A.B. asks: 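First the structure, then my questions, so here it is.
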Amino acid sequence: MKIDVIAIFPEILEMALHVGILKRAIDRGLLEVCLHNLRDFAEDNRRTIDDYPYGGESGMVLKPEPIFAAVRSLELKETTRVVFLTPQGKPFNQKMAERFSLGTHLILICGRYKGVDERVREKLITDEVSIGDYVLSGGEVPALVLIDAVGRVLPSALGDYESAQNDSFSRELLDHPHYTRPAEFEGMRVPDVLLSGHHQKIMDWRRNRSMEKTAEQRPDLLRKFKNNEVLD
Ligand code: 6GU
């Protein structure tokens with residue numbers, strides 16, 4: 001999987017590529033991430049990338065020329081997906097991460113300011129993605145969220161295959177609580193069932209705690225789960 005990121009502040013993403021699962025995926029050659037600074041594709045000496053919106057409203061809009069030049073500088077494949085990170089996009093979720101991870105080339109365009117000239121959306125963009133219902137100052141952090149979520153589900157990026165399997169269960173229900181040693185800490189004991197060695201009882205306990213947690217925090221997910229709705 002190759003991911004090209006076009007951003008005004010690509011340095012926001014830099015550090016995250018050098019730690020943890022993303023670093024390991026990159027070291028193993030499963031993932032390649034190239035960061036591109038949009039200003040490098042500006043046409044003037046002042047490296048201008050934005051301008052006032054036509055029709056008179058507040059804020060600035062990203063100009064089309066530098067974005068077209070940046071995308072055209074990249075090698076496009078038939079299957080390349082060009083993703084624009086914007087609060088106006090489709091809400092990102094685990095299913096989308098898994099779908100993206102099946103491809104081989106993503107171009108992520110990070111918005112800033114009011115957004116992007118509509119002609120970029122018309123001609124270049126295949127997907128618009130939002131990471132949630134709140135407004136961030138730019139698409140760099142959302143791009144990092146997408147890269148992290150996609151990177152960790154790339155085939156064999158996750159050392160522990162089982163924990164990836166558990167993730168897809170926790171897409172329907174929230175995860176159950178976890179404990180590690182010591183068995184008693186400051187008077188708080190690990191539930192006896194987890195020490196019992198009784199596999200079926202442990203599985204039942206986990207299932208019940210997942211249901212409780214989901215009822216508390218995400219009644220919307222629990223309703224879908226009970227109605228057997230497919231999450232997309
Ligand atoms: Cl993708 N971009 C910005 N600027 N804000 C957001 C977002 C994206 N997703 C949620 N909020």
Side-chain angles (χ1 to χ4, degrees), residues 1-17 20-22 31 33-42 47-55 57-68 70-71 74 80-103 105-154 167 170-171 174 217-218 220-221 224 231-232:
M1 165 70 75
K2 163 109 185 277
I3 304 180
D4 286 293
V5 184
I6 299 168
I8 301 170
F9 298 118
E11 60 272 26
I12 292 175
L13 289 106
E14 186 69 46
M15 183 195 70
L17 305 176
I21 288 179
L22 286 182
L31 176 63
V33 181
C34 294
L35 305 178
H36 309 274
N37 191 326
L38 184 61
R39 284 197 194 278
D40 293 342
F41 298 91
R47 313 220 309 155
T48 308
I49 43 135
D50 60 345
D51 205 341
Y52 295 97
Y54 274 117
E57 53 177 332
S58 65
M60 300 294 272
V61 174
L62 291 178
K63 290 165 63 60
E65 305 95 317
I67 299 179
F68 272 82
V71 171
L74 304 171
T80 298
R81 305 211 67 87
V82 183
V83 181
F84 183 52
L85 284 312
T86 167
Q88 279 79 49
K90 284 210 182 86
F92 189 59
N93 61 25
Q94 191 65 27
K95 190 71 154 271
M96 283 166 89
E98 285 164 16
R99 288 207 190 105
F100 282 136
S101 80
L102 300 176
H105 187 208
L106 295 177
I107 298 174
L108 307 183
I109 301 177
C110 304
R112 282 251 150 200
Y113 318 119
K114 266 235 124 68
V116 66
D117 186 284
E118 186 64 16
R119 289 162 292 190
V120 169
R121 200 173 268 133
E122 268 170 39
K123 268 280 153 55
L124 297 179
I125 286 164
T126 61
D127 303 84
E128 293 177 76
V129 172
S130 159
I131 64 162
D133 291 338
Y134 38 81
V135 179
L136 300 170
S137 51
E140 284 86 352
V141 168
L144 184 52
V145 167
L146 190 150
I147 294 169
D148 191 295
V150 170
R152 65 184 292 287
V153 293
L154 289 174
D167 285 348
S170 64
R171 202 173 65 221
L174 300 184
Q217 306 282 25
R218 294 293 304 275
D220 57 317
L221 279 186
K224 285 181 182 168
L231 299 179
D232 53 15

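Please read all numbers here as calculations on a predicted model, not as lab measurements. Counting starts at 1 for both ligands and their atoms, following the listed order.
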A.B. asks: For atom 8 (C) of ligand 1, find the nearest protein heavy atom and state the residue, atom name and distance (0.1 Å precision).
C.D. replies: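 In this structure, atom 8 (C) of ligand 1 has Pro142 CG, 3.5 Å as its nearest protein heavy atom.
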A.B. asks: Out of curiosity, Leu136 CG to Ile131 CD1, how far, rounded to the nearest 0.5 Å?
C.D. replies: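 One finds 5.5 Å between CG of Leu136 and CD1 of Ile131.
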A.B. asks: Give a yes or no on this: more than 12 heavy atoms of other residues, nucleotides or ligands lie within 6.0 Å of atom CG of Asp133.
C.D. replies: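 Open: at most 12 neighbouring heavy atoms sit under 6.0 Å from CG of Asp133.
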A.B. asks: Would Gly132 count as a contact of ligand 1 if the rule is a heavy atom under 4.0 Å away?
C.D. replies: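 Yes; Gly132 lies near enough to ligand 1 that a heavy-atom distance drops under 4.0 Å.
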A.B. asks: Taking 4.0 Å as the limit for heavy-atom contacts, which would you say applies to Ser130 with ligand 1: side chain only, backbone only, both, or neither?
C.D. replies: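 For Ser130, the contact with ligand 1 is made by both the backbone and the side chain.
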A.B. asks: For residues Asp50 and Lys114, determine if any side-chain heavy atom of one lies less than 4.5 Å from a side-chain heavy atom of the other.
C.D. replies: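 No, every pair of side-chain atoms sits at 4.5 Å or beyond.
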A.B. asks: Could you tell me if any non-hydrogen atom of Val141 lies under 4.0 Å from any atom of ligand 1?
C.D. replies: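 Contact check Val141 vs ligand 1: negative.
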A.B. asks: Quick check: are there more than 12 heavy atoms from other residues, nucleotides or ligands sitting under 6.0 Å from CZ of Arg119?
C.D. replies: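 Counting other residues, nucleotides and ligands, CZ of Arg119 stays at 12 neighbours or fewer.
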A.B. asks: Quick one: does Gly138 get a heavy atom under 4.0 Å from ligand 1?
C.D. replies: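 Contact check Gly138 vs ligand 1: positive.
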A.B. asks: What's the shortest distance from atom 3 (C) of ligand 1 to any protein heavy atom, and which residue and atom give it?
C.D. replies: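 Looking only at protein heavy atoms, the one closest to atom 3 (C) of ligand 1 is Pro87 CD, 3.5 Å.
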A.B. asks: So, is Ile131 polar-close to ligand 1, with some N/O to N/O distance under 3.5 Å?
C.D. replies: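 Indeed, backbone or side chain, Ile131 has an N or O that close.
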A.B. asks: So that I can tick it off, tell me whether Lys95 and Glu98 are bridged by a salt bridge, with the cut-off set at under 4.0 angstrom between side-chain N and carboxylate O.
C.D. replies: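 Lys95 and Glu98: not salt-bridged.
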A.B. asks: Return yes if some donor-acceptor pair links the side-chain N/O of Glu140 with the main-chain N/O of Ile12 below 3.5 Å, else return no.
C.D. replies: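 No, the answer is negative, given that no donor and acceptor are paired below the 3.5 Å cut-off.
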A.B. asks: Check whether Thr126 reaches the backbone of Val82 with its side chain - one donor and one acceptor, N or O, closer than 3.5 Å.
C.D. replies: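 Indeed, once roles are kept as given, a pair shorter than 3.5 Å links the two residues.
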A.B. asks: Record the part of Val129 in heavy-atom contact with ligand 1 below 4.0 Å; permitted values are side chain, backbone, both and neither.
C.D. replies: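 The backbone, only.
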A.B. asks: Does the N or O separation between Tyr134 and ligand 1 drop below 3.5 Å for any pair?
C.D. replies: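 In this structure, Tyr134 places an N or O atom under 3.5 Å from an N or O of ligand 1.
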A.B. asks: Scan Asp4, Leu13, Val83 and name whichever one has a side-chain contact (heavy atoms from CB on, under 4.5 Å) with Leu108.
C.D. replies: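 Answer after filtering Asp4, Leu13, Val83: Val83.
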A.B. asks: Looking at atom 1 (Cl) of ligand 1, what's its closest protein heavy atom, distance included?
C.D. replies: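 Protein heavy atom at minimum distance: Thr86 N, 3.0 Å.
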A.B. asks: Among all the protein's non-hydrogen atoms, which is closest to atom 4 (N) of ligand 1, and how far away is it?
C.D. replies: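 For atom 4 (N) of ligand 1, the nearest protein heavy atom is Leu136 O, 3.0 Å.
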